Amino acid sequence: DNPRAYNNLGLAYRGLDQLDEAATAFRKAIELDPTFLHYRNLGRVLSDAGQYEEAERAIKPGRDKSAKARVDAEAARIILQDWFAHAHTA
């Protein structure tokens, strides 16, 4: 199973205004690869369908993962910057 294919399928269904099918495809993409992009797309399609509360619940895990990824990336940047500074002063 390919999460990118399910995400693209969801986008195609959304473009055709087949929102239930789009939501199903995005949920499958999330099942296979729970990234912010897939959660965001599910939230958008649910919002398109007027399911605003469900859209907010759907996007929250992706938003949380995205925030954690930014924190992790910043921590890695600081660690590498510190290592680089010390490696070149020794």
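All figures in this text were calculated on a predicted structure; none of them were measured in a lab. Atoms considered below: every heavy atom in the structure, side chains included; atoms not considered: hydrogens, waters and symmetry mates.
- Taking all atoms of both residues into account, the shortest heavy-atom contact from Gly43 to Ala55 is O-CB, 3.3 Å.
- The minimum heavy-atom distance between Ala22 and Gly10, with the atom names listed, is CB-O, 3.4 Å.
- Listed by chain and number, the residues in a side-chain contact (heavy atoms from CB on, under 4.5 Å) with Asp17 are Leu19 (sequence neighbours excluded).
- Taking each heavy atom of Leu42 and Ala58 in turn, the nearest pair found is CD2-CB, 3.8 Å.
- Every side-chain hydrogen bond (donor to acceptor under 3.5 Å, both in side chains) that Glu31 has, sequence neighbours left out, goes to Lys28.
- Atom CZ of residue Arg44 and atom CZ of residue Arg40 lie 4.0 Å apart, to the nearest 0.5 angstrom.
- Residues satisfying the side-chain contact (heavy atoms from CB on, under 4.5 Å) test with Thr24, not counting sequence neighbours, are none.
- In the hydrophobic clustering of ILVMFWY residues, with side-chain heavy atoms under 4.5 Å counting as a link, Tyr39 and Leu11 come out together.
- A side-chain hydrogen bond (donor to acceptor under 3.5 Å, both in side chains) check over residues 2-16, counting only residues at least two apart or in different chains, returns the pairs Asn7-Asn41, Arg14-Asp48.
- When the side-chain contact (heavy atoms from CB on, under 4.5 Å) test is applied to Arg57, the partners found at least two apart in sequence or on another chain are Glu53, Glu54.
- In this view, Gln51 satisfies the side-chain hydrogen bond (donor to acceptor under 3.5 Å, both in side chains) rule with no residue, not counting sequence neighbours.
- Linking Ile, Leu, Val, Met, Phe, Trp and Tyr residues whenever their side-chain heavy atoms come within less than 4.5 Å places Phe26 and Leu46 in a single cluster.
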